[in-house]
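This report concerns only the one structure given below.
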Amino acid sequence: MIRTFAEHHIRQTQEISGQWDFIKDPSNIGMQDAWYQQFPTPETNLFVPGCWNNEFGLYDYEGVAWYRTSFELSSPEHLRLVFHAVLGHADIYLDGVHLGYHYGGYSPFQFVVPNAAAGIHELIVRTDSTLTRQTIPIDVVDWFHYGGIIRPVELQFISDVYIEKLWVDYTLGNQANADVSVNVTLRSLTDSAQTVPLTLQANGVSFHQENVIVPAGQALTVEIKQTWDKVRLWHVGKAELYTICALTGSDDVIDRIGFRRIEVKDRRICINGKPIYLQGVNRHEEHPEWGFAFPPKLMKKDLDLIKELGCNTVRGSHYPQSQYWIDLLDEHGFVYWSEIPMWGAHMPKEVTTDALFRSRAMQMVDEMIERDFHHPSIVFWSVHNEIDTTCQEALDITLPMIDLVRSKDSSRLVSYATMHPLNDVLLPHFDIIGINKYNGWYEGNVEGFETMLEQFHAYAESMGAGDKPILMTEFGAAGIYGDTGWEPRLFSEDYQAHVLTEALRIFRNDPKIGGTYIWQFADVRAELKSHKTNFRDRARSFNNKGVLNEFRKPKQAYRVVREIYKSGDTK
Ligand code: ADA
């Protein structure tokens, strides 16, 4: 399942899931002599979507691997092949023809194949999960970078003229009226102009109809502007969603929006004029059995556990997460922080000057917003986490990213997470400042947060950023599930609970802090390999700072945080 609702009623779609042939190619010989065309005897079959690192013998494998499957068409069709996420580098071949290449890992890409013949078609995917100094994330990163086709592969059957894109934007007036603009791009796959009846519906009721002449073989975008009175607002904790459908006689695209106004007042994030104190966790979309190919049923369970903790927000650390997950957040009135996987705690600053690295970062920001623009739960677009923000290079890479976000979406807040709050040069440029700090773990005692925050507020003032909302985007301590005692030893559940209790007391007493995101929701597999020397303190090869363990069992920390978050006690 890709979404919590059907994206098409007319357009036929089918997921190409199940067992695909799989073969490793550690020496990368597959590109030579079109080796893949005689696809060698598969080593094994792997389930798609899935991560190979969850399978026997592939636990540690990083590199090139090939997948192969086939599908049958009973008649000629125009196909749209959608890859919802393939980790790292992906090359797609259909019947031996290279359809294209995509770099990324967490956003979709697609190919249109007009007039595919009836019969059996062979689909081959070359993937490469290798991390380098030019990939995002780079080769040193504190989560396990799996390989594989992690989200569904979808086959869509499209008509001669099909709907390529539906984009809905709005500006809210003061009387709950909305100036709505809907852009529909229609694309023709034929060699003669076609007249197409276009209808737009909101919650099943038509609000616009016209006949559109689409020129042969080209795309045409139609823009419709309307004012809607008395729209029902989407609130935190009380979701109101509108289903928008664009349809022609032979195709349709359905998506959902929610009307809400995001502002910043007195250092608080306000939704529809109401200040919201944010209580959240950082969530990796990861599980020991599924890796990043996280099943929808577990997403609902994660959300139930996060709600039970007393949260109203989640940070999607550290990459765009599944659409199904964000749909759930929309439906449950959650605030969501979305970001790209630029993770910089161990990144030399030279990396950020590399042209390829930069263009990949821009592309990832672009793709994140393109995919998720309609979700009302998304309040923050975040452009990086813990890069070196103390130098000119930080400004050079960041300002174009901020400009890109604002040029695509002026309704949301642009954010980042800094680990250098006391000498960060970027503070004035963002709408929101996220601080990651680990007093009580990497740095001194947890009480040290008080001094750090005093110094930070003075520094922010001196930088002209004293009025910006501050969110504590990461803090916490490792606690090994089941290790409890009478004394708060490092790595015990007791110590972790102590650090979180004290940290939350300090943050909730600081009126300049608008919310907290605990590091982290659940333990995650760490990037610990015998030849790598980073993260040697990751006991069990996990980052153990979850308030739940990796199987979602509660530690003491979950119970103490629940008590604090449910108390509603903040300044
Ligand atoms: C950083 C980082 C997280 C995680 C955390 C930790 O703040 O952003 O991904 O690595 O530290 O556990 O040290």
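Each residue takes its place number in the sequence, starting with 1. Since the structure is predicted, the reported quantities are computational estimates derived from the model, not experimental observations. Every number for a ligand or one of its atoms is a count from 1 in the order of the listing.
Just one residue in the list F507, W441, Y442 forms a ring pair (Phe, Tyr, Trp, His ring centres under 6.0 Å) with F475, and that residue is F507. Of the options W290, Y146, W519, a ring pair (Phe, Tyr, Trp, His ring centres under 6.0 Å) to H284 is made by W519 and by none of the others.
At a heavy-atom cutoff of 4.0 Å, ligand 1 is surrounded by D142, H318, W343, N385, E386, N436, Y438, Y442, E474, W519, R538, N543, K545.
Counting only distance, with no hydrogens or angles, the side chain of D330 and the backbone of S377 share a donor-acceptor pair below 3.5 Å. D372 places no side-chain N or O within 3.5 Å of a backbone atom of I378 that could act as its donor or acceptor partner.
Every residue meeting the ring pair (Phe, Tyr, Trp, His ring centres under 6.0 Å) condition with F83, not counting sequence neighbours, appears here in chain and number order: F109.
Between H287 and F551, the ring-plane angle classifies as perpendicular under the 30° and 60° cut-offs.
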